[in-house]
Amino acid sequence: MSLLNTEQQSAVEAPDGPALVLAGAGSGKTRVIVERIAWLIGERGVDARRILSLTFTNKAASEMRERISSRLGVDKLSCWMGTFHSFGLFVLRRNMDQLGRSNQFTIFDDSDQLSLMKRLIKGMPTSYSKVSPRDALQWISGLKQNLEEPEEEGAYEGEEATFAFLWKVYHRQLETVSAVDFDDLIVLTAKLFRDHEDVREKYRRWYPNVLVDEYQDTNHAQYTIARELAGPGGNLFVVGDEDQSIYSWRGADINNILDFEADFPEASIFRLEQNYRSTKSILAAANSVVSNNVNRLGKNLWTDEAGGDKVGFYQAEDGHDEAHFIVDTIAKKGWAPDEVAVLYRTNGQARVLEEAFRKKGLHYVVVGGIRFYDRKEIKDLICYLRVLVNPADSESLRRVINVPTRGIGATTLARLEDQARARQIPLLDALREAEDDDAYTSRVRNSAREVVELIDDLTWESSQIPLAELMDQLLERTGYRDYVQKSDEKDFRTRLELLDEFLSSCAEFDDKEEGSLEEYLQENALTSAVDTMEGVAASAALMTCHSAKGLEFNRVFLVGLEEGLLPHANSIFDTDSVEEERRLCYVGMTRARKTLILTAARERVVFGQRNVQDLSRFMGEVNPDVVEPLHERIQPKVVLKSEAPRADGDKLARGTKVRHAKFGRGLVRRVVGSGKKQKIEIKFDTGMTRLFVVSHTPLEIL
DNA sequence: GAGCGAAACGAGGAT
DNA sequence: CGTTTCGCTC
């Protein structure tokens with residue numbers, strides 16, 4: 001193992017008290033934390049249990065744990081390591097009662113939040129304006145992450161008055177069903193530490209050493225947790241890079257890092273500017289882009305590495321061409337797929353790339369996008385399990401109360417919920433009472449009994465039998481497999497496989513022989529896409545720049561360097577947002593060790609529309625001395641554009657008979673828009689109906 | 001209440 | 001373009 005350089009060494013041996021390590025990309029900041037913890041334990045004789053290390057993902061935590069263990073030569077390392085969210089969960093499970101709430105609670109993910117908010121908006125008094133559920137949640141989340149609450153009634157006008165109203169009913173409902181959202185895991189913990197001295201003192205004494213990685217992406221509530229734990233002059237050791245702050249939309253406050261010196265005047269400050277990851281060319285390219293940001297402390301990364309290959313740049317015709325260029329390059333260079341990453345700005349870009357990888361027969365994994373537990377089938381089962389653990393969770397019960405359909409439709413559900421609300425009892429208990437209530441039809445009463453018995457039996461069994469067995473029973477008794485099979489004839493196979501996959505994940509949990517059903521659910525809620533990335537052998541990784549944070553690869557393709565994509569269209573009117581996009585671009589570029597290839601497309605299909613794309617401003621900022629254009633094609637593209645007769649858009653109207661070069665005769669059903677983007681819907685004689693962009697469709701008017 | 005097709009809607013990044 | 005909601009029929 002190579003020795004640490006002088007800067008790293010002095011950071012590792014920083015004196016007690018607050019310390020800020022400003023560490024550039026690839027400067028070994030994780031290594032510094034690893035060595036710091038090893039040093040605290042090995043040299044300073046600190047009890048490992050007294051160390052709390054907070055990371056951005058659970059994967060980062062477990063990797064850190066492994067490195068420290070092998071560094072110290074121990075099997076089991078008893079430091080507490082994990083994300084702020086898992087730490088919040090850890091604290092709340094033991095102290096929620098201090099806040100007057102049950103220690104047993106469900107964690108709501110964003111789809112739970114969204115459906116709850118949608119319903120709350122529907123049920124709002126008409127005096128409030130209609131708002132979008134997403135906007136409402138965002139407004140609420142923005143306040144929460146700053147540990148703020150809405151001001152008194154009357155302080156707001158228009159939309160904000162509605163948001164403030166929703167803030168109240170939203171949280172009232174969360175409390176009623178004993179649930180917390182992701183923000184609450186942080187916010188409630190921060191409040192617990194801030195307002196409850198006994199709890200704070202307990203944890204402060206237990207964890208005199210607090211370390212925070214990726215400090216630039218902490219929000220105010222997370223900062224409060226760290227500050228309260230460490231106390232004035234405490235051993236708070238934070239590591240971050242202001243150039244990699246890419247989560248302001250999630251409340252991350254870059255000022256936490258910019259103001260550290262002001263917050264902790266006695267803090268030791270260290271700067272790590274030597275990069276050990278990338279070649280000179282890659283570093284020069286990345287530096288030349290990020291140096292265009294005004295709002296930064298400013299540092300200049302350097303490296304002893306050789307220049308390496310120049311940074312490649314390929315401007316493709318369109319998204320397909322871009323994807324083919326990538327797979328062709330991988331094949332031509334003979335790169336092992338697992339040393340390659342393709343990084344993009346939006347998840348939507350994965351589709352075309354996947355297609356190309358499949359066609360080329362290259363193994364790949366898409367990291368992120370739709371999570372496994374977000375799939376409808378899995379979510380249904382999770383909701384059943386949630387009710388077993390938390391009978392007050394009426395939100396989860398209402399989702400599955402009629403899944404598979406058992407005769408409790410919207411009207412009955414509304415009646416049951418009215419009952420529950422009037423009597424202030426959970427939905428499950430309202431269902432219990434409906435069993436014997438003549439006011440309901442016998443069909444409903446039977447269904448109610450069925451659900452109640454199912455929940456009661458499984459609740460009892462959940463403490464007796466392994467989770468996989470419990471799941472089996474659940475599937476059996478609900479007839480869920482039949483339900484899936486019947487509901488959709490086409491892809492029921494994949495969906496049944498999904499169930500099997502879920503069953504094996506349950507069996508895996510059983511094998512670990514620790515933890516309750518409750519912990520299983522909570523663990524799942526906090527598992528990130530990157531956490532589960534490991535284990536897929538010999539595959540290229542396809543992911544967003546955000547997901548790639550903290551990772552590194554030998555070969556990196558950073559794709560879609562176009563205005564509107566990177567920088568994203570929603571950011572280009574605001575200077576601060578453009579700076580964040582630039583940092584995101586920088587993060588993407590600095591993931592590369594040996595090869596970095598940038599690509600852009602001249603045209604791209606966005607939202608089903610073929611658009612002409614401008615080259616990204618960031619591409620223009622890359623130092624041209626280190627760029628090599630790759631425009632000579634690997635396989636000369638055969639230009640075979642069929643010059644089928646083009647229909648004149650003006651003559652197309654509803655009812656016009658047309659002939660499509662590929663699909664044959666049909667009838668125009670509707671015409672949308674005009675000019676280049678005009679679209680028409682055609683119903684063909686074959687019975688098929690499709691939508692076309694007129695200017696790109698070989699059509700003939702009959 | 002269930003089931004189906006049509007219409008409308010919304011699409012950034014994620015613990 | 002894919003998903004959710006709407007509105008109709010049985």
Side-chain angles (χ1 to χ4, degrees), chain A residues 54-61 82-89 107-111 113-115 118 122 132-135 138 141 145 180-186 214 217-219 221-222 245-252 343-349 351-352 367-371 373-374 376 402-414 441 443-444 447 486-488 522-531 543-549 560 564-572 577 580-581 583-585 587-588 605-610 669-670 679 681 689-691 693:
Chain A
L54 298 163
T55 49
F56 196 74
T57 62
N58 286 309
K59 187 184 179 223
T83 61
F84 271 97
H85 286 87
S86 347
F87 181 66
L89 174 61
I107 299 173
F108 276 3
D109 62 26
D110 51 348
S111 77
Q113 291 180 51
L114 196 63
S115 54
K118 274 183 186 166
K122 265 186 196 154
S132 116
R134 280 173 199 286
D135 289 350
Q138 222 174 325
S141 179
Q145 284 167 330
V180 298
D181 63 19
F182 279 130
D183 290 336
D184 285 332
L185 291 172
I186 307 292
E214 310 283 11
D217 283 319
T218 53
N219 60 35
Q222 289 167 321
S245 164
I246 53 175
Y247 277 96
S248 73
W249 51 275
R250 237 172 59 184
L343 307 182
Y344 38 79
R345 176 63 178 82
T346 65
N347 281 310
Q349 291 166 260
R351 185 183 297 269
V352 182
V367 181
I370 313 156
R371 280 166 56 219
Y373 298 98
D374 293 338
K376 184 193 170 297
N402 201 29
V403 179
T405 45
R406 47 169 75 93
I408 306 181
T411 320
T412 310
L413 178 59
T441 63
R443 168 112 199 262
V444 169
S447 297
K486 272 186 214 146
S487 60
D488 195 321
Q522 293 176 337
E523 210 175 277
N524 274 345
L526 297 186
T527 300
S528 76
V530 180
D531 293 342
M543 68 181 99
T544 62
C545 295
H546 281 95
S547 292
K549 172 189 161 87
L565 219 43
L566 188 61
H568 193 272
N570 295 355
S571 313
I572 53 179
S577 306
E580 179 149 319
E581 295 290 303
R583 292 192 292 270
L584 190 56
C585 183
V587 167
V605 177
V606 186
F607 298 159
Q609 293 249 10
R610 209 178 168 82
R669 294 214 351 193
R670 61 182 177 132
K679 287 190 284 191
E681 191 174 76
T689 305
R690 281 188 59 165
L691 198 65
V693 176

Side-chain atoms of A:Thr405 come closest, of B:dG3, B:dG13, B:dG12, to B:dG3

Discussion item. Within the 4.0 Å heavy-atom criterion, would you say A:Phe84 contacts the bases, only the backbone, or no part of the nucleic acid?
Written reply: nothing

- Query: Any side-chain donor paired with an acceptor under 3.5 Å for A:Ser141 and A:Gln138?
  - Reply: no

At 4.0 Å (heavy atoms only), tell me whether A:Asn347 reaches a base, stays on the sugar-phosphate, or touches nothing.
sugar-phosphate

### Task
Answer yes or no: side-chain N or O of A:Glu581 and base N or O of B:dG12 forming a donor-acceptor pair under 3.5 Å.
yes

By nearest-nucleotide position on DNA chain B, the 5'-leaning member of A:Gly409 and A:Asp183 is A:Gly409

For A:Gly588 and A:Leu343, the nearest pair of non-hydrogen atoms, with its separation, is O-CD1, 3.7 Å

Within the 4.0 Å heavy-atom criterion, would you say A:Ala410 contacts the bases, only the backbone, or no part of the nucleic acid? sugar-phosphate

Closest of B:dA14, B:dG12, B:dA2 to the A:Arg250 side chain is B:dA14

**Asked** Touch check for A:Asn58, heavy atoms < 4.0 angstrom, all strands: base, sugar-phosphate only, or nothing?
**Response** nothing

- [ ] Without swapping roles, check the side chain of A:Asp109 against the backbone of A:Ala525 for a donor-acceptor pair under 3.5 Å.
- [x] no

Query raised in the report: Is A:Thr412 side chain donor-acceptor paired with the B:dG1 base, going by distance under 3.5 Å alone?
Result: no

Notebook entry, point to check: Base, sugar-phosphate alone, or nothing: which one does A:Ser571 contact when heavy atoms must sit under 4.0 Å apart?
Noted result: base

Q) Using a cut-off of 4.0 Å on non-hydrogen atoms, how would the nucleic acid contact of A:Ser86 be classed: base, sugar-phosphate, or nothing? A) nothing

